[in-house]
Amino acid sequence: MATQRTPPAVHPQDRIHPDDIAPSAWERTREVLWQFPRFASAWGPTEPTGPDNGPPALVLPGFLSSDRSTSQIRGALGRYGWRAHPWQLGVNKGAYAGLLESLEARLDAIGEGRKVLVLGWSLGGLYARELARHAPDKVRAVVTLASPFCGDLKSNNNVRWLYEWVAGHDVNEPPFPRLEDKPPVPTMAFWSRRDGIVAPRAARGDECHSDRAVEIDTHHMGFAVWRPALSRIMAHVNQFVCEMEGEMPARTRRQQRAYDRAGKRTGKRAGRTAPESPRHA
């Protein structure tokens, strides 16, 4: 008589949540096929963008990307009132000894005594978080875009093999400490379920990993090139920093014009109601 084997029961705690699993190879391929032409056409200049007197921001590129690939991010920051600067360290080929010191030097150069908003896309977001730990007195806030800062980097993204081949070290053993807890500055994370590279939870984290996590409906490369997504992101960034500090850190051109008009009206009203100066005989 044949016996039927019952498969062992899987405890709910042993099941892997779908949000913790890296997107499939097909998702990665689709990401490249659909988004790379737009990504390549979006490459632009590398100079700083935004008003000269705007608060400083530093943008860190993703893996195998450079300052040209973050031109759209810097442009969006500039439209929302920030003075956005490139990292000026060439193509991001992975972490290396001395990287945090080089980034701290960039903070000194562009901050000129002021704290700097640091925004990192993908791998650049991991650098941003570690930079905030390395030099917390120089970082105003950290913003990550689709960055796998939470969990095991061997299982939460589908390009770890390429990273290890290019960078020359284990993805979970960079040449400086990698910590998951929240950096000692205001920290905001943007993530997407449509990301074809990074698992949702890896870029979202838990409450202990960031002060706020916001879902954006775009692809991984869309975080760097899709203007509607970037506009939503920058609006969230300004509001987040405002809530953390109690005042709006920067304004769009439209907001600045409205602010200036309101100031002029207030000045005119004050001038009409001000008492006349005494006349001397």
Side-chain angles (χ1 to χ4, degrees), residues 46-50 53-63 65-67 70 73-74 77-78 80-150 153 167 169 171-190 203 205 208-213 233-234 237-238 240-247 249-250:
T46 60
E47 67 267 11
T49 60
N53 61 346
L58 176 64
V59 179
L60 310 183
F63 181 52
S65 300
S66 66
D67 289 325
T70 62
I73 300 175
R74 284 181 279 112
L77 279 166
Y80 275 77
W82 297 86
R83 183 64 173 174
H85 298 260
W87 83 329
Q88 292 187 345
L89 294 178
V91 176
N92 183 354
K93 297 180 180 179
Y96 57 87
L99 173 61
L100 296 182
E101 288 74 16
S102 297
L103 291 175
E104 184 180 4
R106 285 294 292 148
L107 295 179
D108 293 334
I110 69 180
E112 299 179 342
R114 295 177 294 174
K115 289 188 175 183
V116 178
L117 173 74
V118 182
L119 187 150
W121 171 48
S122 195
L123 179 61
L126 274 67
Y127 299 167
R129 290 172 65 93
E130 297 309 321
L131 179 60
R133 276 187 262 269
H134 177 77
D137 57 325
K138 300 177 183 180
V139 176
R140 185 173 189 171
V142 164
V143 177
T144 59
L145 308 180
S147 301
F149 60 82
C150 180
L153 289 174
H169 61 80
V171 69
N172 281 322
E173 297 179 5
F176 48 75
R178 174 180 172 258
L179 304 174
E180 288 190 8
D181 60 311
K182 193 186 86 67
V185 302
T187 307
M188 190 175 201
F190 291 93
C208 62
H209 297 131
S210 63
D211 294 298
R212 184 168 303 167
I233 288 169
M234 299 314 161
V237 168
N238 278 8
F240 172 71
V241 178
C242 177
E243 292 175 8
M244 294 291 106
E245 299 181 353
E247 61 180 352

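Bear in mind that the values here come from a model prediction, so they are computed numbers and not experimental data.
- Rounded to the nearest 0.5 Å, atoms CG (Leu123) and OG1 (Thr144) are 12.0 Å apart.
- To the nearest 0.5 angstrom, Met244 atom CE is 9.5 Å from Thr187 atom OG1.
- For the residue pair Val171 and Pro174, the shortest heavy atom distance occurs at O-CD, 4.1 Å.
- Pairs passing the salt bridge (Lys or Arg N to Asp or Glu O under 4.0 Å) check and including a residue from residues 112-128, sequence neighbours excluded, do not occur.
- In this structure a side-chain-to-backbone donor-acceptor pair under 3.5 Å is missing from Arg129 to Gly120.
- Between Asp181 and Arg133 the shortest heavy-atom distance is O-NH1, 2.6 Å.
- Scanning all heavy atoms of the two residues, the minimum distance from Val185 to Ala132 falls at CG2-CB, 3.7 Å.
- Considering CG of Leu119 and CD1 of Ile73, their distance stands at 6.0 Å, rounded to 0.5 Å.
- Between Pro175 and Ala97, the shortest heavy-atom contact is CG-N, 3.6 Å.
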#### Entry: Test side chain to side chain contact (heavy atoms under 4.5 Å, CB included) applied to Val118 and Leu103, step by step
CA-CA 10 Å; Val118 182; Leu103 291 175; over 6 Å; no
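- No side-chain donor-acceptor contact under 3.5 Å links Asp211 to the backbone of Met188.
- Side-chain contact between Val241 and Pro186: absent, with no pair of heavy atoms (C-beta onward) separated by less than 4.5 Å.
- Among all heavy-atom pairs drawn from Pro55 and Ala250, the shortest one is CG-CB, 3.8 Å.
- Nearest heavy-atom pair, Val142 versus Ala128, reported as atom, atom and distance to 0.1 Å: CG2-O, 3.6 Å.
- Partners of Glu180 by side chain to side chain donor-acceptor pair (under 3.5 Å), not counting sequence neighbours: none found.
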Show me the donor-acceptor pairs within less than 3.5 Å that the side chains of residues 86-93 make with the rest of the protein, sequence neighbours left out.
unit_1, atom_1, unit_2, atom_2, d
Trp87, NE1, Gly90, O, 2.9
Gln88, OE1, Arg106, NH1, 3.3
Asn92, OD1, Gly94, N, 3.1
Asn92, OD1, Tyr127, OH, 2.8
Asn92, ND2, Pro61, O, 3.0
Asn92, ND2, Gly62, O, 3.4

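- Going from atom CG of Asp137 over to atom CG of Leu107 covers 9.5 Å, rounded to the nearest 0.5 Å.
- Residues passing the side chain to side chain contact (heavy atoms under 4.5 Å, CB included) test with Ala167, sequence neighbours excluded: Tyr163, His169.
- Between atom CD of residue Glu130 and atom CG of residue Leu126 there is a gap of 7.0 Å, rounded to the nearest 0.5 Å.
- Among residues two or more places apart in sequence or in another chain, the salt bridge (charged side-chain N to carboxylate O under 4.0 Å, His left out) test is passed with Arg83 by Asp52.
- Evaluation of the side chain to side chain donor-acceptor pair (under 3.5 Å) rule for Ser210 yields no partner, not counting sequence neighbours.
- The side-chain heavy atoms of Val59 and Trp121, taken from C-beta on, include no pair separated by under 4.5 Å.
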